Amino acid sequence: MGNLKNVVIALVTPLPSIFFYLSFLNHYYQNGNSTSSGLWAWCLHHPFLLANALFFVNVNILFWVIGLLQSSHWMIDPYWTVIPVLFVHYYATHPLAQYDWWRSRVVMLMTWIWSLRLSHNYFRREKWQWGVREDWRFSDMRHQYGKNWWWVSFFAVYLSQQVFIIGVCLPFYAVHSVDKPWNIWDVVAVAVCICGIVVAYYADTELHNFVSRNEKLKEQGMPIVPNLDKGLWRYSRHPNYFGEQLWWWGLVIFAWNLGQGCTFVGSLINSMCLAYVTVLVENRMMKQEYRAEAYRLYQKTTSVWIPWYKSSPSGGKDKNT
């Protein structure tokens with residue numbers, strides 16, 4: 001019953017923003033592609049600010065209130081994979097949008113593929129349950145801040161997410177703000193984005209299989225494998241993070257090609273955040289006694305993000321790679 005309740009909550013929660021935006025479009029087109037109302041005129045002339053306003057009210061405030069009521073801020077995780085899809089369609093359908101049709105549709109299609117892949121990975125990891133647990137980093141902060149967590153969570157979980165998600169989605173705005181013919185740099189951007197999706201998919205699948213095997217070994221009372229160092233994980237300690245970064249920086253190439261290179265700021269902030277998360281994850285690994293020694297060796301021999309040849313523990317390239 002709890003799972004069904006969370007499914008309903010997750011599906012209903014974004015509807016206020018969706019209905020508001022559809023009302024705006026309806027008002028605009030019913031009035032002969034124009035609007036005189038103060039609110040609707042503002043929505044027309046400030047698409048980027050409108051996107052931020054909808055995010056602030058619907059995600060920052062509404063998601064936060066629901067998280068407080070449920071004592072769990074789980075919902076922002078699955079919506080990380082959904083909000084970019086909403087944004088790419090929002091920017092494409094806004095009345096002021098202008099763009100190359102092919103570029104827009106290719107970016108939309110890839111965003112859907114990226115979203116479905118990441119959503120599948122999330123729910124596979126959560127054993128197809130909705131809202132069973134929140135991100136371990138939020139749980140750690142909940143214990144760290146204690147009675148102050150109720151208000152700290154607004155900034156740490158939601159307002160920060162607005163900076164990250166709005167930032168990485170800036171290329172979607174650029175793609176739908178400039179009508180420039182498709183060219184070779186779009187092909188490069190597509191290649192980088194697809195490489196990112198494929199790398200992240202295989203890395204996450206290898207990690208999922210590793211965790212599943214260890215769970216079975218534990219159930220059978222057998223020793224578990226302390227560390228994953230096969231497949232892509234042999235050449236990178238976080239190949240899934242590397243693939244995810246390729247995706248976002250591939251989108252930046254689209255924007256740069258359109259003269260909107262400044263949109264790299266969003267991906268840069270996201271990369272810096274992920275670098276910090278990498279440190280948190282590795283510190284967490286080192287606190288687990290059964291894997292600390294193996295992981296320390298893994299750190300010495302394996303690249304952090306970018307896949308590369310393994311090094312020998314004493315330094316230099318490993319002849320066995």
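It should be emphasised that the depicted structure is a prediction, and the values quoted were computed from it without experimental measurement.
- Taking the six-membered ring where the residue is Trp, W248 and W80 present perpendicular rings, their angle passing 60° and hence far from 30°.
- A perpendicular orientation is assigned to the rings of H94 and Y90, their planes being inclined by more than 60° (bins at 30° and 60°).
- Side chain of Y295 to backbone of N283: no donor-acceptor contact under 3.5 angstrom is found.
- Summarising the local packing, CD of Q220 is surrounded by more than 12 heavy atoms from other residues, nucleotides or ligands at distances under 6.0 Å.
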> Should H208 and R125 be marked as a side chain to side chain contact (heavy atoms under 4.5 Å, CB included) after you check the CA-CA gap, both sets of side-chain angles, and the distance that decides it?
Replying inline: CA-CA 7 Å; H208 173 75; R125 186 188 69 203; 5.6 Å; no
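- Atom OH of Y202 has 12 or fewer heavy atoms from other residues, nucleotides or ligands within 6.0 Å.
- Of the possible polar contacts, none joining the Q260 side chain to the P171 backbone as a donor-acceptor pair under 3.5 Å is found.
- Other residues, nucleotides and ligands contribute only 12 or fewer heavy atoms inside 6.0 Å of the OH atom of Y145.
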Scan the side chains in residues 221-229 for donor-acceptor partners under 3.5 Å anywhere in the protein, sequence neighbours excluded, and list what turns up.
none

>> Working note: Y298 + K310, criterion side chain to side chain contact (heavy atoms under 4.5 Å, CB included); need CA distance, chi angles, decisive distance, verdict.
In response: CA-CA 9 Å; Y298 186 53; K310 292 184 79 69; 4.2 Å; yes
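- Pairs of residues two or more places apart, or lying in two chains, that qualify as ring-ring contact (aromatic ring centres under 6.0 Å, His included) and include a residue from residues 175-196 are Y99-H176, W185-W256.
- Evaluated for a side chain to side chain contact (heavy atoms under 4.5 Å, CB included) with S17, the options V59, N58, L50 yield exactly one hit, N58.
- Counted by atom type alone, S153 and W64 present one or more donor-acceptor pairs between their side chains at under 3.5 Å.
- Side chain of K180 to main chain of N257: a donor-acceptor pair is present (N/O by atom type, distance under 3.5 Å, no hydrogens or angles).
- Nearest heavy-atom pair, A156 versus M141, reported as atom, atom and distance to 0.1 Å: CB-SD, 4.1 Å.
- For the pair V106/D186, no side-chain contact is recorded, criterion being any heavy-atom separation below 4.5 Å from C-beta on.
- Hydrophobic clustering, with ILVMFWY side chains joined whenever heavy atoms are under 4.5 angstrom apart, groups F48 together with V168.
- Side chain of S104 to backbone of D100: no donor-acceptor contact under 3.5 angstrom is found.
- Judged purely by atom type and a 3.5 angstrom limit, R133 has no side-chain atom pairing as donor or acceptor with the backbone of W74.
- Between Q162 and N52 the shortest side-chain heavy-atom distance falls below 4.5 Å.
- Residues V88 and W112 are members of separate hydrophobic clusters, defined by side-chain heavy-atom contacts under 4.5 angstrom among Ile, Leu, Val, Met, Phe, Trp and Tyr.
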>> Set out, in order, the CA-CA distance, both residues' side-chain angles and the distance that settles side chain to side chain contact (heavy atoms under 4.5 Å, CB included) for E244 and L118, then state yes or no.
In response: CA-CA 10 Å; E244 186 70 4; L118 198 56; 4.1 Å; yes
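- Taking CG of L44 as the reference point, atom CG of L96 lies at 4.5 Å (rounded to 0.5 Å).
- S271 and W249 are linked by a side-chain donor-acceptor pair at a separation below 3.5 angstrom, with hydrogens and angles left out of the test.
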> Run the side-chain hydrogen bond (donor to acceptor under 3.5 Å, both in side chains) check on W130 and E126 step by step: do they pass?
Replying inline: CA-CA 8 Å; W130 295 63; E126 299 299 311; over 6 Å; no
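- Linking Ile, Leu, Val, Met, Phe, Trp and Tyr whenever their side-chain heavy atoms come within less than 4.5 Å puts M75 and W128 in one cluster.
- Among F20, Y21, W40, the one residue that satisfies the ring-ring contact (aromatic ring centres under 6.0 Å, His included) test with H27 is W40.
- Two residues are said to be in side-chain contact when any heavy atoms from C-beta on lie closer than 4.5 Å; P95 and F24 meet this criterion.
- Heavy-atom contacts from other residues, nucleotides or ligands closer than 6.0 Å to CD of E293 number 12 or fewer.
- At a threshold of 4.5 Å between non-hydrogen side-chain atoms, the residues N240 and W233 count as touching.
- Cluster membership check: F123 does not share its hydrophobic cluster with V85, using side-chain heavy-atom separations under 4.5 Å among Ile, Leu, Val, Met, Phe, Trp and Tyr.
- The aromatic rings of W149 and H73 stand perpendicular to each other, their planes meeting at an angle above 60°, with 30° marking the opposite boundary.
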> Given E282 and R237, is the salt bridge (Lys or Arg N to Asp or Glu O under 4.0 Å) satisfied, shown in steps?
Replying inline: CA-CA 9 Å; E282 298 209 340; R237 302 203 299 269; 2.7 Å; yes
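- Counting heavy atoms from C-beta outward, T111 and W247 have side chains that approach closer than 4.5 Å.
- With no hydrogens or angles considered, a side-chain donor-acceptor pair links Q70 and N6 at under 3.5 Å.
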> Going through the checks in order, is the side chain to side chain contact (heavy atoms under 4.5 Å, CB included) test met by S160 and F155?
Replying inline: CA-CA 6 Å; S160 62; F155 299 94; over 6 Å; no
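- Side chain of N214 to backbone of V211: no donor-acceptor contact under 3.5 angstrom is found.
- Other residues, nucleotides and ligands contribute over 12 non-hydrogen atoms within 6.0 Å of the CH2 atom of W136.
- For K127 and E215, the salt-bridge test passes: some basic side-chain N is under 4.0 Å from an acidic carboxylate O.
- Between L251 and F254, some side-chain heavy-atom pair lies under the 4.5 Å cut-off.
- For the pair V157/E134, no side-chain contact is recorded, criterion being any heavy-atom separation below 4.5 Å from C-beta on.
- Side-chain heavy atoms closer than 4.5 Å link hydrophobic residues (I, L, V, M, F, W, Y) into clusters, and following such links, possibly through other members, connects F164 to L49.
- Judged by distance alone, the side chains of W305 and S236 never bring a donor and an acceptor atom under 3.5 Å apart.
- Scanning both residues, I197 and R117, for their nearest heavy atoms gives O-CD, 3.5 Å.
- Centroid-to-centroid, the aromatic rings of F87 and F172 stay 6.0 Å apart or farther.
- Every residue two or more places apart in sequence or in another chain was checked for a salt bridge (charged side-chain N to carboxylate O under 4.0 Å, His left out) with R291, and none qualifies.
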